[in-house]
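So the structure is just underneath, and the comments pick up after that.
Convention: sequence-line order gives letters A, B, ...; per-chain numbering from 1.
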Amino acid sequence: MFLRDAVTLSLQAVFSHRLRSFLTALGIAVGIAAVVLLTSLGEGIHRYVLSEFTQFGTNLIGITPGRATTTGFSGGVISNVRPLTIADAMALERLPRVIATVPVVQGNAAVKYGSRSRRTFVFGVGPAVPVVWRMEVSQGRFLPADDPRVARPFVVLGSKVKDELFGSENPLGRAIRIGGEQFRVLGVMTSKGQLLGFDLDDAVFIPAGRALALFNRDSLMQIDLLFAEGSNSEEVARRVRQLLIERHGDEDVTIVTQDQMLEVLGSVLNILTLAVGALGGISLLVGGVGILTIMTIAVHERTGEIGLLRALGADRRQILALFIGEAVVLASLGGIAGLAIGTGGAWLLGVLVPALPTYTPWRYVVAAELLAATIGLLAGVLPARHAARLDPVEALRAE
Amino acid sequence: MIHLEVIERVFQVGDEWVHALRQVSLHVARGEYLSIMGPSGSGKSTLLNIIGLLDRPDKGSYRLEDRDITDLSDRQQAALRRHKIGFIFQFFHLIPRLTAAENVELPLTLAGIVPAERKQRVAVALERLGLADRARHRPDQLSGGQRQRVAIARATIMRPALVLADEPTGNLDRASGQDVIDTIEALNGEGITVVMVTHDPELGRRTRRQVQMMDGRIVQDTGAAHDTR
Ligand SMILES: Nc1ncnc2c1ncn2[C@@H]1O[C@H](COP(=O)(O)OP(=O)(O)O)[C@@H](O)[C@H]1O
Ligand SMILES: [Mg+2]
């Protein structure tokens with residue numbers, strides 16, 4: 001028998017019970033729609049988060065004091081580690097293939113201009129922030145390349161801080177007070193928006209050495225290192241580790257490359273997508289049970305027909321194939337409807353709620369349709385096996 | 001063509017054993033036209049099912065066209081049914097959702113014959129049985145006689161050597177029954193061997209050879225003398 005004929009026979013059987021087939025296929029359609037919609041959401045969030053993280057560039061290495069046991073975003077500080085210093089950052093900058101480093105100290109302080117005051121993030125950094133963090137200055141310029149240990153008290157404002165303190169007034173050259181000390185405004189950053197809930201516009205940037213004094217610390221919180229395009233991140237990380245061991249006498253820092261971070265992040269997000277997809281899978285399971293039920297009923301109703309087909313020369317395998325085929329056709333029809341609903345729903349969601357990122361990759365669509373067909377196959381096996389094992393004489397007598 | 005030797009068939013019903021066939025031997029030559037008669041429950045259908053390879057005997061041997069088919073596999077049996085045997089049933093057994101033409105086409109489809117040839121053969125078969133204008137009708141739009149003629153077209157579309165009919169007129173009025181018998185006799189006229197179960201004595205008398213059954217045994221066979229082929 002040709003596959004085409006088997007499909008035609010299955011379709012004829014499916015369409016002979018329109019309402020019943022519609023309802024059964026609907027069960028699968030809902031399941032597939034749920035899977036597609038939820039994985040679209042998961043994948044959308046995945047892409048969104050990754051793009052947020054890579055906006056700083058991908059050739060980054062983060063160095064934090066203290067050794068973390070596993071790869072993480074920041075290691076817990078162990079008490080007997082040597083402080084990570086501005087001198088370390090300067091030494092790292094001289095390594096081959098390293099373009100620039102940014103020493104980072106971060107804290108919170110009140111910023112005052114005249115009678116206006118605001119609590120905001122204070123970043124103690126170096127002059128390389130615009131290249132390493134890919135941030136731009138909209139007005140004036142960024143911190144100058146002073147000797148970091150005796151840097152002059154300059155400040156660059158985040159766009160929001162500028163608006164709050166100065167409104168439409170030109171802030172350049174003005175003096176503001178940060179935590180009681182006076183700084184001169186040198187520039188204003190271009191707005192960068194939120195990064196995972198962290199507002200970079202509501203921040204001020206001062207020299208790292210000044211920030212250490214301001215927050216009364218002796219160690220940097222982090223050093224961010226930018227290396228040249230096309231370098232091997234593992235190799236650069238190895239050199240960084242070697243140099244810091246030489247300088248500190250022990251390995252007392254955690255080095256995380258952007259690659260590693262994205263890898264960890266990616267696998268976490270993949271699990272998220274998988275989990276929401278599995279949630280939709282539960283409704284698919286229910287749809288599968290529907291097909292199992294309806295096929296069991298169909299085999300029972302069509303016992304006489306099975307006897308007839310056997311008399312006409314169908315062997316057991318053909319009966320098996322016909323009934324499994326019918327279940328697969330039913331499930332695939334439901335699957336196609338579900339894909340339409342799911343991708344349409346994901347698109348609509350993206351239009352109605354732009355904040356919710358959705359993305360439907362083609363391979364998910366194909367995989368979902370294959371999944372529907374597979375569920376039909378599995379649900380069809382049991383009833384079809386029952387049909388194939390019927391004794392032809394008994395089956396013929398049933399009518 | 002058909003050689004049955006001391007066939008036994010026993011069914012278990014509850015904890016009783018029903019001997020549907022006892023020591024049945026029957027030999028049918030190619031081209032014969034034979035009726036099997038007897039009261040209800042005497043084993044006629046069981047015998048026909050064994051001849052048609054739908055059922056297997058518990059004892060005895062069966063040769064069809066010089067081929068021992070006592071222990072053929074399911075697939076081999078199915079292939080023989082497909083190519084050598086056509087069935088006609090009392091209740092027609094047409095598939096209700098398919099048109100007359102699609103019902104007739106079914107054996108060709110199962111046998112994997114290409115669509116173009118199928119359409120052509122179906123058209124010829126329906127034409128011959130005077131059903132050309134009914135090709136697109138579904139069974140519930142046909143009369144009993146027309147339904148049985150569709151079933152006959154289906155039984156003969158594979159050009160079988162043997163046609164088995166189990167009370168083909170049992171569900172028809174006199175006139176359509178006569179029609180159907182004429183059709184079956186025309187098939188026999190073309191050389192197809194026909195074995196027909198009936199309990200209508202008048203129909204039985206029309207066949208060249210009559211076999212009488214009673215309680216699972218053959219009690220009379222008018223043609224037993226010339227069954228050597
Ligand atoms: N599948 C079966 N299971 C149990 N008993 C059966 C079965 N088929 C036939 N019989 C019994 O075998 C006997 C012969 O049946 P059958 O061949 O159908 O008779 P007929 O066709 O002459 O009316 C009957 O007693 C019937 O009840
Ligand atoms: Mg009978």
request  = Kindly indicate, with the supporting measurements, whether the criterion salt bridge (charged side-chain N to carboxylate O under 4.0 Å, His left out) is fulfilled by R128(B) and E190(B).
outcome  = CA-CA 13 Å; R128(B) 255 179 38 143; E190(B) 291 165 25; 3.1 Å; yes
Against chain A, label [X] side chain, backbone, both or neither, depending on which of its atoms sit under 4.5 Å from a heavy atom there.
X      : value
R56(B) : neither
R97(B) : side chain
L98(B) : side chain
N49(B) : side chain

task = Cation-pi check, R147(B) to F92(B): give yes when NZ or CZ is under 6.0 Å from the six-membered ring centre and within 45° of the ring axis, no otherwise.
result = no
key: salt bridge (charged side-chain N to carboxylate O under 4.0 Å, His left out) evaluation trace for D391(A) with R397(A)   = CA-CA 10 Å; D391(A) 176 53; R397(A) 281 157 61 106; over 6 Å; no
ask   = Just checking, is any N or O donor in the side chain of D5(A) or T109(B) under 3.5 Å from an acceptor N or O on the other one?
value = no
key: Exercise: do S40(A) and E43(A) side chains pair donor with acceptor under 3.5 Å   = no
For chain A, the option from I85(B), T46(B), V114(B) that forms the most heavy-atom pairs under 4.5 Å = V114(B)
message = I'd like to verify something: which residue of M158(B), Q77(B), E102(B), H83(B) has the highest number of heavy-atom pairs under 4.5 Å with chain A?
response = E102(B)
ask   = Yes or no on salt bridge (charged side-chain N to carboxylate O under 4.0 Å, His left out) for D315(A) and R81(B), after CA distance, side-chain angles and deciding distance?
value = CA-CA 10 Å; D315(A) 56 40; R81(B) 285 200 298 273; over 6 Å; no
remark   = Of A13(A), A314(A), A311(A), the largest count of non-hydrogen pairs under 4.5 angstrom with chain B goes to A311(A)
message = Using heavy-atom distances under 4.5 Å, tell me whether Q318(A) contacts chain B through its side chain, its backbone, both, or neither.
response = side chain
